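Working notes for the structure below.
Residues: numbered from 1 along the sequence shown. Quick caveat, the model's predicted, so the values are computed rather than measured.
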Amino acid sequence: MTQEATKFVDLVNYVLTAFHLLCQSPLAAVINHERSFFIEYIVPGLLALSKTSDLFDFYWCEYEMQAMKETHMQDNDFNLLKTPRRYLDALGKMTMNSEMEVVVVEASSGIVSENVSHTIGDTLKSLECATASLAGQASKYRHASFATFQKLQVFSIHVIKNKMTLSTTTIHDAYTWKRMDLRTTDIPTKWCDRISLIRYFELLATLMVGLNIHVHHLI
């Protein structure tokens, strides 16, 4: 197996171990509490991905996005106190020198019911943060070619109830951004639903491959 394949097998092992543990007492799955579901069912897979891939690190629970402040400094006379602030449920930063904020994660509800207005707000925030990260890279590397910049992408994960969607944001042309959904999966919370882990692993694999390609473009 390749090194990347070996790392992904390790990821699968960690996720299965965490899932088996959660299945011992799945009571939290019926509580409509956003943080409880996020910590127990979403964090383990993302944490395993970051630790096994060595591509990026996650910062958890209402972590402030730096790129939002940097891209709006000039509009606010370079006063950071006046720049807009965005806090994310999880934020993935590259471990390379650029420390680019490359994975944006938002959970909009618990597993029982959805707050539609909250979902819409988180969707807009995810788009805003993804484009801010790309704009921040453009301001740092002003001598890079437009073709190179088009290869950069920011990944977004949005969790609504027990459904997870992976999207990517890139620049389309000189005037517009491009947003594309890559994978969607249900998050299994019971042992009898474990077949859903296949699509969940496909989503994590898509993210891992995308990040590897992204790192290649940054080198």
Side-chain angles (χ1 to χ4, degrees), residues 1-23 38-61 63 65-67 88-107 126 129-130 133-134 136-137 140-141 144-145 147-159 164-171 178-188 194-219:
M1 288 193 299
T2 64
Q3 184 179 9
E4 288 75 16
T6 301
K7 290 180 178 181
F8 189 74
V9 170
D10 290 339
L11 180 153
V12 170
N13 289 332
Y14 287 124
V15 172
L16 289 176
T17 300
F19 177 66
H20 183 267
L21 175 62
L22 289 169
C23 287
F38 179 74
I39 295 298
E40 293 197 7
Y41 290 95
I42 307 302
V43 168
L46 299 181
L47 180 62
L49 176 60
S50 69
K51 298 303 182 184
T52 56
S53 68
D54 290 328
L55 296 172
F56 65 107
D57 289 321
F58 266 118
Y59 299 84
W60 309 99
C61 297
Y63 190 84
M65 189 169 194
Q66 187 67 25
L88 300 165
D89 291 327
L91 179 63
K93 292 185 180 183
M94 302 298 297
T95 54
M96 298 176 60
N97 293 334
S98 68
E99 292 188 348
M100 179 180 176
E101 295 164 323
V102 72
V103 184
V104 174
V105 183
E106 277 295 303
S126 176
C129 290
S133 180
L134 291 171
Q137 293 300 300
K140 289 179 181 179
Y141 303 100
S145 68
T148 299
F149 184 54
Q150 284 183 303
K151 296 176 183 178
L152 293 183
Q153 53 187 332
V154 174
F155 298 92
S156 301
I157 293 175
H158 197 176
V159 182
M164 174 187 285
T165 300
L166 173 66
S167 306
T168 182
T169 302
T170 58
I171 187 168
K178 180 171 70 174
R179 177 83 160 197
M180 182 169 60
D181 289 348
L182 302 178
R183 287 286 189 277
T184 298
T185 181
D186 291 334
I187 303 298
R194 61 190 182 277
I195 188 65
S196 296
L197 285 169
I198 295 176
R199 296 189 66 181
Y200 179 54
F201 287 134
E202 287 178 352
L203 185 150
L204 293 177
T206 300
L207 180 55
M208 178 181 279
V209 170
L211 287 168
N212 272 297
I213 295 174
H214 183 87
V215 168
H216 174 74
H217 292 319
L218 287 177
I219 295 177

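Between Asp54 atom CG and Thr52 atom OG1 the span is 7.5 Å, to the nearest 0.5 Å. Taking CG of Asp10 as the start and NZ of Lys51 as the end, the distance is 14.5 Å to the nearest 0.5 Å. Rounding to the nearest 0.5 Å places CG of Leu49 at 7.5 Å from CG of Leu55. Distance check: Arg179 CZ to Ser156 OG gives 3.5 Å after rounding to the nearest 0.5 Å. Atom NZ of Lys93 is separated from atom CZ of Phe56 by 13.5 Å, given to the nearest 0.5 angstrom. Atoms CG and CD1, from Leu152 and Ile213 in turn, are 12.5 Å apart once rounded to the nearest 0.5 Å.
Between Pro44 and Ala18, the shortest heavy-atom contact is CB-CB, 3.8 Å. Contact detail for Leu22 and Glu40: the closest heavy-atom pair is CD1-O, 2.9 Å. Considering every non-hydrogen atom in both Val104 and Met65, the closest pair reads CG2-CE, 4.3 Å. In terms of heavy-atom proximity, Phe38 sits nearest to Ala107 at CD1-CB, 3.7 Å. Summarising the geometry of Leu134 relative to Thr170, their closest heavy-atom pair is CD1-CA, 3.9 Å, with the distance given to 0.1 Å.
Remark: the backbone N or O of Leu47 is paired with a side-chain donor or acceptor of Ser50 at under 3.5 angstrom. Here the side chain of Ser196 pairs no donor or acceptor atom with the backbone of Pro188 at under 3.5 angstrom.
Within the 4.5 Å cutoff, side-chain heavy atoms of Val15 are placed close to those of Tyr200. Side-chain contact between Ile157 and Leu46 is present, with at least one heavy-atom pair separated by less than 4.5 Å. Counting heavy atoms from C-beta on, the side chains of Glu101 and Cys129 never come closer than 4.5 Å. Side-chain contact between Ile187 and Ile42 is present, with at least one heavy-atom pair separated by less than 4.5 Å. Counting heavy atoms from C-beta outward, Leu88 and Glu106 have side chains that approach closer than 4.5 Å. Side-chain atoms of Thr185 and Phe201, non-hydrogen and from C-beta on, never get closer than 4.5 Å to each other. Between Leu211 and Ser53, the closest side-chain pair of non-hydrogen atoms is not below 4.5 Å. Contact of the Trp60 side chain with the Val105 side chain is not registered, since no non-hydrogen atoms from C-beta on lie closer than 4.5 Å.
Counting heavy-atom neighbours within 6.0 Å of Tyr14 OH, excluding the residue itself, gives a total of 12 or less.
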### Task
Quick one: do Leu197 and Val12 satisfy side chain to side chain contact (heavy atoms under 4.5 Å, CB included)? Show the steps, please.
CA-CA 10 Å; Leu197 285 169; Val12 170; over 6 Å; no
### Message
One pair to check against side chain to side chain contact (heavy atoms under 4.5 Å, CB included): Ser167 and His158. What are the steps and the verdict?
### Response
CA-CA 8 Å; Ser167 306; His158 197 176; over 6 Å; no
### Task
Report the C-alpha distance between Cys61 and Ile39 in whole Å, list the side-chain angles of each, state the deciding distance to 0.1 Å, and finish with yes or no for side chain to side chain contact (heavy atoms under 4.5 Å, CB included).
CA-CA 9 Å; Cys61 297; Ile39 295 298; 3.9 Å; yes
### Task
Could you give me the CA-CA distance, side-chain angles and deciding distance for Leu91 and Gln66, then say whether side chain to side chain contact (heavy atoms under 4.5 Å, CB included) is met?
CA-CA 10 Å; Leu91 179 63; Gln66 187 67 25; over 6 Å; no
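Of the options Leu204, Asp186, Leu203, a side-chain contact (heavy atoms from CB on, under 4.5 Å) to Met164 is made by Leu203 and by none of the others.
A side-chain N or O of Gln153 and one of Thr168 form a donor-acceptor pair less than 3.5 Å apart.
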